[in-house]
Amino acid sequence: MPGYETWSDAERKEVNDVLETGILMRYGFDGPRKGIWKAKELEEAICQTFGCKHAQLVSSGTAALTTAMSALGIGYGDEVILPSFTFVASFEAVLSVGAVPVFADVDDCLTLNPDAVRNAITSKTKCVMPVHMCGSMADMDALQSICREHKLLLLEDACQSIGGSYKGKKLGTIGDAGTFSFDFVKTITCAEGGVVMTNREDVYIHSDGYTDHGHDHKGVDRGADLHPFIGYNFRISELHAAVGLAQIKKLDDFLSIQKKNHTALKNMLASVPEISFRRIPDASGDSCTFLSWFLPTEEITRAVVAEMKAQNILAGNFYWYDNNWHYIRKWDHLKNSVTLNALHPELKAAVMHHASKDFSASDAVMGRCVSTAIGLLWTEEQLKTKGEQMVNVIRKVLSQQKTLA
Ligand SMILES: Cc1ncc(COP(=O)(O)O)c(C=O)c1O
């Protein structure tokens, strides 16, 4: 996910605007900042670009998820349903508000299987959190209808799918709230940063205060602000917002390059009949940051990954099944509930119970999946070479397997 690939004078110019005033904080200092409000400007650009009513910038995607959950009133006694394939930040945020992460299996969309969500619902369920992994989306019609039927909140973790859409709506703007990450390896980056997007005014007002120690931002100065509730500091700096402001202007270009490269690589891999591709509920809305593909068995997939490694072409290809960050199979710290501070015993027991369930349905998908990151800077020649090398490795392994059988 490639925002960092195109660092340029545009980012330098926005950052220099801030450096010239010396006002690095997003709030206050109205006079000395001489009209430079990068965070505000980026929030407006986010609302316009993605079509949401409100945007609250924060210091990271993790902070955005934590903020969104607090703003939605999720906390003690609540359960949040999320997929077994995500980034650790998704469950960290649930834990940070004192709620229980309840994992549900993924299907060939690489995110929540709606039937698994239905089976995970209990009287304590408060929220369903689809994670639009690797640039593409969950089956939002099915999940929205489950949420309506059971009166549940819908929070989209769209941190990895900036610019993707589902049936005409941008990912992250469909549920009660949605989040992006602008960390260094996201489609657009602030170096570090994130955003909560929502069409609900109450959620926005809560997010605004929560991320700045509960300030209501209505006083004549910060000292005169009231604090209607307790908040924390998840503020973004003006320097980070400035980088994001330059990057958001490049988003359409990034997306069109990604789509072109993704289509070309997919066409090459499609020449191997044993390869199938991730199911995309709305193919036109794929942001195309990754091309995710499946082989027939885990054994073949492992052999292909090993051969790619042997031929030194594994970089940029992700076998999530063995990845320590992204798939539940390797989250021993969660399964054993290893925390630095004591958790309430009830929460600790629930966390361990839910993280240690049977995820064989997810294993059957993830054990056969490889995701290839799509580069922005690939030349046509590099893309062709990459595709040919991948196809050759896959064909070689498949023919070895046939000989063995
Ligand atoms: C799905 C998902 N959610 C949340 C995050 C957290 O974002 P950040 O790194 O900005 O805290 C990430 C980051 O990789 C992510 O991939």
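The analysis underlying the following values was restricted to heavy atoms, covering all of them including side chains, and did not include hydrogens, waters or symmetry mates. In this text the structure is predicted, and so the values were computed from the model without any measurement. One-based numbering, in listed order, for ligands and for the atoms of each. The first residue in the sequence is number 1, and the count goes up from there.
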A.B. asks: Check this for me: does any side-chain nitrogen of one of Lys40 and Glu44 sit under 4.0 Å from a carboxylate oxygen of the other?
C.D. replies: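 No, this pair does not count.
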
A.B. asks: Any donor-acceptor pair under 3.5 Å linking the side-chain atoms of Glu79 with those of Thr122?
C.D. replies: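 Yes.
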
A.B. asks: Could you tell me which atoms of ligand 1, counted from 1 in the order shown, lie closer than 4.0 angstrom to a heavy atom of Asp183?
C.D. replies: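 Heavy-atom distances to Asp183 below 4.0 Å select 8 (P), 9 (O), 10 (O), 13 (C), 14 (O).
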
A.B. asks: Strictly below 4.0 Å, N to O, side chains only: are Arg279 and Asp108 in salt-bridge contact?
C.D. replies: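 Yes.
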
A.B. asks: Could you tell me which atoms of ligand 1, counted from 1 in the order shown, lie closer than 4.0 angstrom to a heavy atom of Val131?
C.D. replies: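 That gives atoms 1 (C) of ligand 1.
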
A.B. asks: Does ligand 1 have a heavy atom under 4.0 Å from the side chain of Ala89, from its backbone, from both, or from neither?
C.D. replies: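 Answer for Ala89: side chain.
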
A.B. asks: Taking the six-membered ring for Trp, is the centroid-to-centroid distance between Phe182 and His240 below 6.0 Å?
C.D. replies: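 No, too far apart.
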
A.B. asks: So for ligand 1, is Ser181 a polar contact partner (N or O within less than 3.5 Å, distance only)?
C.D. replies: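 Min N/O separation from ligand 1 is below 3.5 Å for Ser181.
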
A.B. asks: Suppose we call two aromatic rings close when their centres sit under 6.0 Å apart. Are Tyr327 and Tyr321 close by that rule?
C.D. replies: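 Yes, ring centres under 6.0 Å apart.
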
A.B. asks: Any atoms of ligand 1 less than 4.0 Å from a non-hydrogen atom of Gln160? List them with their elements.
C.D. replies: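 Selected atoms, number and element: 1 (C), 16 (O).
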
A.B. asks: Is it the case that the side chains of Lys386 and Thr372 hold a donor-acceptor pair, with the cut-off being a distance below 3.5 Å and no angle test?
C.D. replies: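 Not at all, the side chains of Thr372 and Lys386 share no donor-acceptor pair under 3.5 Å.
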
A.B. asks: At a non-hydrogen distance cut-off of under 4.0 Å, which region of Asp157 contacts ligand 1 (side chain, backbone, both, or neither)?
C.D. replies: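 Near ligand 1, Asp157 shows its side chain, while the N, CA, C and O stay back.
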
A.B. asks: Under 4.0 Å between a side-chain nitrogen and a carboxylate oxygen: does that hold for Lys250 and Glu5?
C.D. replies: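 Looking at Glu5 together with Lys250, the answer is no, because their closest N to O distance does not fall below 4.0 Å.
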
A.B. asks: Considering the heavy atoms of Ser60, write down every atom of ligand 1 situated less than 4.0 Å from one of them.
C.D. replies: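 Those atoms are 10 (O), 11 (O).
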
A.B. asks: Output yes when the distance from some N or O of ligand 1 to some N or O of Thr62 is under 3.5 Å, and no in every other case.
C.D. replies: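 Yes, at least one N or O pair falls under 3.5 Å.
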
A.B. asks: Look only at interatomic distance and state if Cys159 has a nitrogen or oxygen under 3.5 Å from any nitrogen or oxygen of ligand 1.
C.D. replies: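 Min N/O separation from ligand 1 is not below 3.5 Å for Cys159.
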
A.B. asks: Using non-hydrogen atoms of the residue, decide whether Lys186 is closer than 4.0 angstrom to ligand 1.
C.D. replies: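 The answer is yes: ligand 1 sits under 4.0 Å from a heavy atom of Lys186.
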
